[in-house]
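Take a look at the structure below.
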Amino acid sequence: MTLRSLPLVLATLLAALALPFTVGGCDKIGIGGEPHPPLMMGPTPLSVTDTFMTEPNAFTPAESAAPLDFALTLAVREGRPTVVLSGRYNLPATARARYGDDPRHAIYVIALNPEAHRLHAAPVGPPLSPTSEPPAFQGDVFADQGSGEPLRGVFSVDLPVALGLPQLSASYQFFLWMDEHVTARQGIVSPTNRTPREGREVLPITGPAILLQGTDSQLPFPGVTMTPDEGTSVVRGIVAHDRDLPEPVPLLVLAVERPAMRFGYARVVLPNDEDSVRLAYDFDVRHLYFNHQPEGRVWVLGIMAESMGTPVAVRMPERPVVPVVDGGVPAPAAAPAAPPAPAAPAHQRSRRQRAARAPPAGHAHCPRRGVSPVGWSAYSAASTLSCGRSLSRAPGSWPPLGARLARGFAGALALGAGLAPGLPRAGFEGGGCVTQRCSVPMASRRATCTRR
């Protein structure tokens, strides 16, 4: 090879190296387009073709007395990597009375992203409800006893497709939940997968009306307890969280409505001061759903970091039937009109007498905060400064402009001193309130303040 032929040799070598990157060559070596599936080492991976399956496979758990059990494994679907949950159920006969011989539409698989604290949920079988086609079995969701043999079966689920997980790879914790039965969590990394999704992410309620107060409980942290109020849709409990974490971990409250099979959840950020390690809370189950009034039976579950509470059942109160008149228009409620209280003529009452009216007996006040005469006067003066208020006043009873300006100035001073109950403050004693609800009736007006 002479020096004259060297450029020709170099050009030939460069052309040979660039050949794989020509049209079609990139896809063959996995560059560009969809990522090439990773090479599976060891035994042949599980191959699936459907989202929901009822045949056992090599990863199906062995028979046991556990009501719910499952295993996770990496699998392949249409040449793409995925994660498959292989499960088994051994449920008491009560499940048959509630959901029929195939309870898969009532068993939920939950995926928790431990970093973003977001949830994905879907049944382990084809989604069914009373209005679906075909409809779900119309059982008695309030049944707590059943007769006959236990309900046994197996199932498998393509998790990214069924749950609608994001296409990019991420770490998740999975568990199964059906009514009073809940499993431990198992973690796995879901690989990047572009298979079209069938499920959709459930958006959380990030600002639920939940009331937090200090408590003397010695519940170990992390931990969460729940107790329903009989005859209401309110759930009470205690939550204990660890403050020595790099980032705060929210309280997650999950709910599944039966028989409508609606799933909802809320994410509550807890205060992070020394007095808020343990907090008593209460909330209304209806606040866990967007623009929906749950009916029937709602099962609720609490999660605080690595701790999972015991599920509780809430029997939703029946809504009153609204009478309907001709034409399908709801009839207005007939409210008896209260006779107006006799009042002295305006010329017989001085301006000072109208401004110094005493509050009515039995007034309401905010939790853990008494109302002194000074505080009541300050609130009466600053009522026009309250948040989310609904004020009404008898016609012709507004004081002159000068008096209103003086009252507003006094109310602002009282607000800064913390004397005005019902007005938004940084927090209550004992850890602070995430939501403050306070209703204070007055002689001739009503003010309601809600802070979220």
Side-chain angles (χ1 to χ4, degrees), residues 46-64 66-75 77 82-92 94-96 98-113 119-130 132-137 139 141 150-165 172-188 190 193 195-202 254-265 299 301 303 308 311:
L46 178 66
S47 178
V48 296
T49 57
D50 299 321
T51 303
F52 304 105
M53 296 152 283
T54 57
E55 297 295 331
N57 56 56
F59 302 92
T60 301
E63 294 185 6
S64 66
L68 297 172
D69 195 7
F70 71 98
L72 301 174
T73 182
L74 291 175
R77 180 176 182 177
T82 187
V83 176
V84 169
L85 181 147
S86 302
R88 181 184 295 273
Y89 57 86
N90 183 16
L91 300 169
T94 307
R96 181 182 290 106
R98 295 175 184 171
Y99 310 115
D101 292 329
D102 186 359
R104 290 182 300 149
H105 67 283
I107 303 174
Y108 272 77
V109 54
I110 314 294
L112 168 61
N113 187 320
L119 293 178
H120 300 257
V124 300
L128 300 179
S129 69
S132 64
E133 186 60 39
F137 174 79
V141 296
L151 202 57
R152 299 185 178 94
V154 299
F155 56 88
S156 299
V157 186
D158 185 343
L159 293 178
V161 176
L163 292 170
L165 298 181
Y172 294 94
Q173 295 177 351
F174 297 91
F175 64 95
L176 298 177
W177 178 30
M178 194 200 82
D179 298 353
E180 62 266 43
H181 309 293
V182 62
T183 68
R185 285 179 274 183
Q186 298 183 29
I188 196 172
S190 177
N193 183 312
T195 303
R197 301 314 197 228
E198 297 178 9
R200 294 177 298 178
E201 180 183 3
V202 182
L254 292 63
V256 175
E257 177 190 2
R258 313 292 195 186
M261 305 302 171
R262 283 179 174 263
F263 179 86
Y265 81 101
W299 288 88
L301 173 67
I303 299 178
M308 297 179 62

Taking all non-hydrogen atoms of both residues, which atom of [X] and which atom of [Y] are closest, and how far apart?
| X | Y | value |
| --- | --- | --- |
| Asp158 | Asp50 | CB-O, 4.1 Å |
| Ala71 | Pro61 | N-CG, 4.1 Å |
| Pro123 | Pro127 | CG-CA, 3.9 Å |
| Asp69 | Ser64 | OD2-OG, 4.4 Å |
| Pro103 | Leu91 | CG-CD1, 3.9 Å |
| Gly87 | Thr60 | O-CG2, 4.1 Å |

Give every residue pair that meets the side chain to side chain donor-acceptor pair (under 3.5 Å) criterion with at least one member in residues 120-130, sequence neighbours excluded.
Ser129-Thr131

Evaluate Ile107 against Tyr89 for side chain to side chain contact (heavy atoms under 4.5 Å, CB included), listing each step before the verdict.
CA-CA 9 Å; Ile107 303 174; Tyr89 57 86; 4.1 Å; yes

Using the test side chain to side chain contact (heavy atoms under 4.5 Å, CB included), find all partners of [X] that sit at least two apart in sequence or belong to another chain.
| X | answer |
| --- | --- |
| Glu63 | Arg88 |
| Thr49 | none |
| Ala106 | Tyr99, Met178, Arg258, Met261 |
| Val182 | Phe175, Trp177, Leu301, Met308, Pro311 |

Is there a side-chain contact between [X] and [Y] in this structure, where contact means two heavy atoms from C-beta onward sitting under 4.5 Å apart?
| X | Y | result |
| --- | --- | --- |
| Pro160 | Arg197 | yes |
| Phe174 | Ile110 | no |
| Thr183 | Phe70 | yes |
| Leu254 | Phe263 | yes |
| Val83 | Leu74 | yes |

Using salt bridge (charged side-chain N to carboxylate O under 4.0 Å, His left out) as the criterion, list what pairs up with [X], not counting sequence neighbours.
| X | value |
| --- | --- |
| Glu198 | none |
| Arg96 | Asp101 |
| Arg104 | Asp102 |

Run the numbers on Thr94 and Leu151 for side chain to side chain contact (heavy atoms under 4.5 Å, CB included), then give the verdict.
CA-CA 9 Å; Thr94 307; Leu151 202 57; over 6 Å; no

Are Arg77 and Thr51 close enough that a side-chain donor and a side-chain acceptor fall under 3.5 Å?
yes

Who are the side chain to side chain donor-acceptor pair (under 3.5 Å) partners of [X], not counting sequence neighbours?
| X | value |
| --- | --- |
| Trp299 | Asp179 |
| Arg152 | Asn90 |
| Gln173 | Arg185 |
| Ser156 | Asn57 |

Let's go through Leu159 and Ile188 carefully: what are the C-alpha distance in whole Å and the side-chain angles of both, what is the deciding distance for side chain to side chain contact (heavy atoms under 4.5 Å, CB included) to 0.1 Å, and is it a yes or a no?
CA-CA 11 Å; Leu159 293 178; Ile188 196 172; 5.9 Å; no

Taken to the nearest 0.5 Å, the spacing of Leu72 CG from Tyr172 OH works out to 13.5 Å

When rounded to the nearest 0.5 angstrom, what distance separates CG in Leu68 from NE2 in His181?
7.0 Å

I would like to know whether Val157 and Phe52 meet side chain to side chain contact (heavy atoms under 4.5 Å, CB included); could you show each step before the answer?
CA-CA 5 Å; Val157 186; Phe52 304 105; 4.1 Å; yes

